[in-house]
Structure formats: structure tokens, C-alpha cells
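All of these numbers come straight from a predicted model, not from anything done at the bench.
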Amino acid sequence: MDLNGRVIRLRSEISKNKDGRLLPLSGESLEVIVRAQRERTLGVPSVFYHNGKGIGSFRKAWATAYEAAGLNGIIVHDLRRTAIRNMVRGGIPERVAMSLSGHKTRGIFDCYNIVNESDLKRASESLQSHIDNQSTELTVVSMTEEQKVG
């Protein structure tokens, strides 16, 4: 972690796809990391820990956390889908979103970037707005004989 630079560098040896990547921090994510760093126990190398020990089993920690929050039935991939959808709908270019999420292929990224009914409605409204803003004035242009023959 580089809190001065506001980034986390994920080392390739601990990454699922074996590619390291940079995770810039801002807003609430930065606040959570700064708070965890400030409240951490000296001598514990982990950022997130419980009872003085680093989290050993992510699955167990996740189950405990979502149960305590009353979110039974939510899996960690639901959050990944939400993050990807938020990035894309927030205007982040898909290639950049793929880099942040660690997706190497478009196919797997698209599995997380789920299109729903509200996306389709927004697209329809956007298309109609574009059509409404088009010039209704027609311009007639003469064709040369060569253009007419084709």
C-alpha cells in the first residue's frame, strides 16, 4: 500500500490471474483503507484483521460479515458484478474497467457486465434524444451522372 500515492499495488504472485495491477484509491475506498491503517495493531502486517490476527480464510470472514450485515444470499461475485456495472455506467472505458477488475478477456468481463431492463430503457431514451436533436432540415444535393450510374 502506498497511502501517500493513494494506490494499492497487487503483486503478481498473490493475484488470481498472476498479473499484478495498480488499484488507485479515492473517496470511500480510500477512507476505509486509511481508517484500517490508522486503527491497526502494530506488529500485525495485515490491513484487515480480527482479534489481532490477519484474516486467514476469506470465505469464513465473508460469511460472517454478510450474515452480520443481514445480506444472506449475497456472494462476493455479486459485488464484483456491481463494481463492473458501476464502472461502465459511470463512463469508465471498458478497457480501463477490465484492467481495474483484473479481467484478461472480453468474454469474462462481459459475463460480469450484465445488461438489465433499466439499461435497455436508458439506451432507448438516449437514442430517442439523439433522434430528436437531429436537424429536421433537409438539404438537396444534385448527383452527377457518374453518381447516378453508380
Side-chain angles (χ1 to χ4, degrees), residues 1-139 141:
M1 281 192 321
D2 175 5
L3 291 181
N4 291 331
R6 297 181 173 197
V7 296
I8 294 175
R9 286 179 174 77
L10 183 61
R11 295 187 326 265
S12 59
E13 62 269 16
I14 62 170
S15 170
K16 180 180 174 182
N17 68 13
K18 303 301 179 201
D19 278 347
R21 62 183 179 276
L22 185 72
L23 302 169
L25 298 169
S26 63
E28 191 174 349
S29 62
L30 177 61
E31 291 171 19
V32 167
I33 297 294
V34 167
R35 187 172 57 246
Q37 183 74 10
R38 186 175 53 238
E39 296 172 3
R40 85 186 215 343
T41 301
L42 293 177
V44 177
S46 302
V47 176
F48 300 104
Y49 57 91
H50 183 66
N51 294 331
K53 295 181 181 175
I55 296 172
S57 166
F58 175 80
R59 291 178 197 267
K60 185 176 176 185
W62 173 255
T64 301
Y66 81 67
E67 199 171 294
L71 299 173
N72 293 333
I74 301 293
I75 62 172
V76 73
H77 285 282
D78 292 332
L79 300 179
R80 195 170 194 204
R81 279 187 280 277
T82 299
I84 290 168
R85 287 176 46 80
N86 285 343
M87 284 190 277
V88 171
R89 277 122 192 104
I92 295 172
E94 290 185 0
R95 189 68 197 117
V96 175
M98 286 176 66
S99 180
L100 287 169
S101 66
H103 286 105
K104 288 184 175 183
T105 66
R106 165 70 53 190
I108 298 299
F109 179 80
D110 286 345
C111 288
Y112 283 90
N113 186 19
I114 298 168
V115 174
N116 65 17
E117 188 175 330
S118 64
D119 295 325
L120 298 173
K121 285 180 181 177
R122 272 194 304 277
S124 177
E125 291 165 0
S126 180
L127 175 59
Q128 189 57 53
S129 176
H130 174 74
I131 291 169
D132 291 345
N133 290 325
Q134 295 295 306
S135 173
T136 57
E137 185 177 313
L138 297 176
T139 304
V141 177

Point to revise | All ring-ring contact (aromatic ring centres under 6.0 Å, His included) counterparts of Y66, not counting sequence neighbours | key: W62
Review point. Which word best sums up how the rings of H77 and Y112 line up, parallel for under 30°, tilted for 30 to 60°, or perpendicular for over 60°?
Key: tilted
Check your understanding: Below 4.5 Å, heavy atoms only, C-beta onward: do S101 and I84 meet side chain to side chain?
Key -> yes
Review point. Crowded around Q128 CD? As in, over 12 foreign heavy atoms under 6.0 Å?
Key: yes
Review point. Can you tell me how far the CG atom of D19 sits from the NZ atom of K104, to the nearest 0.5 Å?
Key: 4.0 Å
Check your understanding: Once you round to the nearest 0.5 Å, how far does CG of D2 lie from CG of L25?
Key -> 9.5 Å
Revision key, fill the gap. Applied to residues 92-103, the salt bridge (charged side-chain N to carboxylate O under 4.0 Å, His left out) test, sequence neighbours excluded, yields E94-R106
Point to revise | Separation between CD1 of I108 and OG1 of T105, rounded to the nearest 0.5 Å | key: 4.5 Å
Check your understanding: With no hydrogens and no angle check, is any side-chain donor or acceptor of S124 less than 3.5 Å from a backbone partner on L120?
Key -> no
Review point. Is a side-chain N or O of S126 found less than 3.5 angstrom from the main chain of R122, in a donor-acceptor match?
Key: no
Review point. Do S99 and L22 have side chains that get closer than 4.5 Å, going by heavy atoms?
Key: no
**Study point:** Residue I74 excluded, over 12 heavy atoms near CD1 under 6.0 Å
**Key:** yes
Check your understanding: Are any side-chain N or O atoms of D119 and backbone N or O atoms of N116, one a donor and one an acceptor, separated by less than 3.5 Å?
Key -> yes
Exercise for review: Could you walk me through whether K121 and E117 pass the salt bridge (charged side-chain N to carboxylate O under 4.0 Å, His left out) test, one step at a time?
Suggested key: CA-CA 6 Å; K121 285 180 181 177; E117 188 175 330; 3.3 Å; yes
**Study point:** Pairs touching residues 23-35 that satisfy salt bridge (charged side-chain N to carboxylate O under 4.0 Å, His left out), sequence neighbours left out
**Key:** none
Review point. Are E125 and L127 side-chain neighbours, meaning at least one heavy-atom pair lies under 4.5 Å?
Key: no
Practice item. Start with the C-alpha distance between L100 and M98, add both sets of side-chain angles, then the distance that settles side chain to side chain contact (heavy atoms under 4.5 Å, CB included), and finish with yes or no. Key: CA-CA 5 Å; L100 287 169; M98 286 176 66; over 6 Å; no
Practice item. Report the residue from H103, R89, R85 that forms a side chain to side chain donor-acceptor pair (under 3.5 Å) with N113. Key: R89
Point to revise | D78 side-chain N/O to I75 backbone N/O, donor-acceptor pair under 3.5 Å | key: yes
Practice item. With rounding to the nearest 0.5 Å, note down the distance linking CE in M87 to OG1 in T82. Key: 10.5 Å
Review point. Would you call V88 and I92 a side-chain contact if the rule is heavy atoms closer than 4.5 Å?
Key: no
**Study point:** Flag if over 12 foreign heavy atoms under 6.0 Å of CD, E39
**Key:** yes
Practice item. Please round to the nearest 0.5 Å and tell me the distance separating atom CZ of R6 and atom OG of S29. Key: 10.0 Å
Review point. How long is the span from the CZ atom in R81 to the SG atom in C111, to the nearest 0.5 Å?
Key: 9.5 Å
